[in-house]
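Read through the structure below, which is laid out as C-alpha cells, and then see the notes.
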Amino acid sequence: MEEETTKENQKGIKPLQRECARPPDEGKLLRPLKETVKKARKSMKQKFAVVHRPDETSRQLKAELADKLGEAGWTEDERQPDLVFAIGGDGTFLYAVHEYLDQLENVKFVGIHSGTLGFFCDYRCDEMDLCVQDVTHRSPQCESARLLQVTARGGGQEKTIYALNEMRIENVTKTQLMDIDINGSFFETFRGTGLCLCTQIGSTAYNRSLGGAVIESGLPLLQLSEITGIHHRAYRSLASPLILRPESMIKLRSASFEGAFLCYDHLCFNLDQETEIEVFQSQKQVQIARYRDLAYLQRLRILF
Ligand code: NAP
C-alpha cells in the first residue's frame with residue numbers, strides 16, 4: 001500500500017502505523033538485559049573463607065564446599081573474604097565472627113550445621129549443594145545483629161571486647177558482690193555467682209538456661225539475668241530477668257572481682273585487677289546472610 005503524503009511525513013515524522021509494523025530488533029533489545037545478567041553473575045562470584053570445627057566431618061565438608069565454590073568461579077581468600085562460611089554449629093559461627101571482628105563491615109556470614117539447624121546456621125551438612133546453589137545464584141536477605149561492647153577497667157588498665165551472644169561475670173570460688181548502675185543511676189546490689197547480659201540473638205543461648213526470656217528477632221533489646229543470686233531476709237535483688245532498652249548503659253562495680261571471670265561468647269578472661277565493667281550495645285554489627293525464608297518463631301519451634 002502506498003504511503004499517504006501528509007503534513008507530518010513531509011516534516012520527516014514517520015506514520016505511526018509504519019513504525020509499529022517494523023519487526024523489533026530482538027538482539028538489540030536483549031543486549032542490555034544480557035549485559036545486566038552477566039554483570040550480576042560476575043558480581044556474585046565472590047571471595048570466600050571457611051571456618052570449621054576441628055573434626056574430620058567438618059574438615060571434609062570444608063573441602064567439598066571449597067571445591068564446589070571453586071567450580072562456580074569463586075576464590076578462597078582467608079584474609080579478605082566477602083562471605084565467611086561457618087561449618088559446625090552455632091558455637092562455630094560465634095568463633096567465625098570473632099575471627100573476622102575487624103572486618104564486620106565488609107563480611108557476611110553463612111552457617112552450616114553438622115547436626116540439625118541452628119539460630120545462626122541455615123543449612124545442614126547434607127544440604128551443601130543447595131547452599132552452593134543459593135549463594136551463587138541468589139541475593140540473601142541480610143539479618144544484622146549488633147554486638148555488645150564491654151570495657152573492663154581497673155589497676156590502671158582498660159580492656160575492651162565485643163560479644164554477639166552475651167557477656168557474663170561468673171565467680172565460682174566465692175560470693176560475688178556487685179553494684180549495678182543502669183543509665184547512670186544505682187539500681188541494686190547483687191550477691192551470688194554472677195550476672196549475664198545478653199543480646200536478642202543471645203537470648204536463646206546461656207540466657208535461656210538461666211530462665212531468661214527468648215526475645216523475638218527484630219527487637220534489639222538487652223536482658224540482664226542473675227546466675228544463682230542469693231535471696232533471703234538480709235540480701236535481696238530483683239531475681240527475675242530484666243529486659244532493657246537497646247540504648248541502655250550498664251555498669252557493674254565491685255571492690256573486688258578477685259576469682260571472677262568475664263566470659264563473652266566462647267571466650268573469657270580473669271578479672272583479678274578490674275573493679276568496673278561497662279556494657280552497652282555498640283554500632284558494630286554482624287551481617288548474617290539468609291537465603292531461607294524461615295520465620296524466627298518457626299526456627300524456635302524446630303530447635304526447641
Ligand atoms: P559451645 O559448645 O560452642 O556452645 C554451647 C551450646 O550453645 C551449643 O549447643 C551451641 O549450639 C549453643 N549456642 C550457641 N549460641 C547459641 C544461640 N545464640 N542460641 C542458641 N544456642 C546457642 O560452648 P562455648 O564455646 O562454651 O560457648 C558459646 C556459647 O554457648 C556462649 O555464648 C553461651 O551462650 C553458650 N553456652 C550455653 C550454656 C548453657 O546454656 N548452659 C553453657 C555454655 C555455653 P551448637 O551445638 O549449634 O554449636
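Every number for a ligand or one of its atoms is a count from 1 in the order of the listing. In this chain, numbering begins with 1 at the start of the sequence shown.
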Checklist entry - Among protein heavy atoms, which sits nearest to atom 38 (C) of ligand 1, and what does the distance come to when rounded to 0.1 Å? => result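 Of the protein heavy atoms, Tyr206 CD1, 3.6 Å lies nearest.
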
Item to check | Gln176 side, atom CD; Glu170 side, atom CD - distance, nearest 0.5 Å | outcome: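 Result: 11.0 Å between the selected atoms.
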
Next on the checklist: I'd like to know if the side chain of Ser58 reaches the main chain of Pro54, judged simply by a donor and an acceptor atom lying under 3.5 Å from each other, with no hydrogens or angles considered.
Outcome noted: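 Such a contact is absent between Ser58 side chain and Pro54 backbone.
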
Next on the checklist: Strictly distance-based, threshold 3.5 Å: is any side-chain N or O of Arg146 a donor or acceptor partner for the main-chain N or O of Gln281?
Outcome noted: yes

[X], any N or O under 3.5 Å of ligand 1 N or O:
| X | result |
| --- | --- |
| Phe304 | no |
| His113 | yes |
| Thr92 | no |

Check each atom of ligand 1 against the heavy atoms of [X] and keep those under 4.0 Å away; list them by number with element.
| X | value |
| --- | --- |
| Gly89 | 47 (O), 48 (O) |
| Glu166 | 31 (C), 32 (O), 33 (C), 34 (O) |
| Leu94 | 28 (C), 29 (C), 32 (O) |
| Phe120 | 18 (N) |
| Ile201 | 18 (N) |

Next on the checklist: Less than 4.5 Å apart, side chain to side chain, heavy atoms only: is that true for Leu238 and Phe190?
Outcome noted: no

Checklist entry - Ring centres of His266 and Tyr95 under 6.0 Å apart? => result yes

Checklist entry - Is the distance between the ring centroids of Phe109 and Phe93 under 6.0 Å? => result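 Under 6.0 Å, so yes.
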
Item to check | Winner among Asp90, Val214, Asn207 once heavy atoms are compared against atom 14 (C) of ligand 1 | outcome: Asp90

Next on the checklist: My understanding is that we take every heavy atom of each candidate and find the minimum distance to atom 41 (N) of ligand 1. Doing that for Gly202, Gly111, Ala86, Ser209, which one comes out nearest?
Outcome noted: Ser209

Next on the checklist: Would you say Ser114 and Arg53 are linked by a side-chain donor-acceptor pair, where the criterion is simply a distance under 3.5 Å?
Outcome noted: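 On atom types as modelled, these side chains qualify, holding a pair under 3.5 Å.
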
Checklist entry - What part of Arg299, side chain, backbone, both or neither, has a heavy atom within less than 4.0 angstrom of ligand 1? => result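 Answer for Arg299: neither.
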
Checklist entry - What do you reckon, does Gln200 put a non-hydrogen atom under 4.0 Å from ligand 1? => result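 No, Gln200 has no heavy atom closer than 4.0 Å to ligand 1.
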
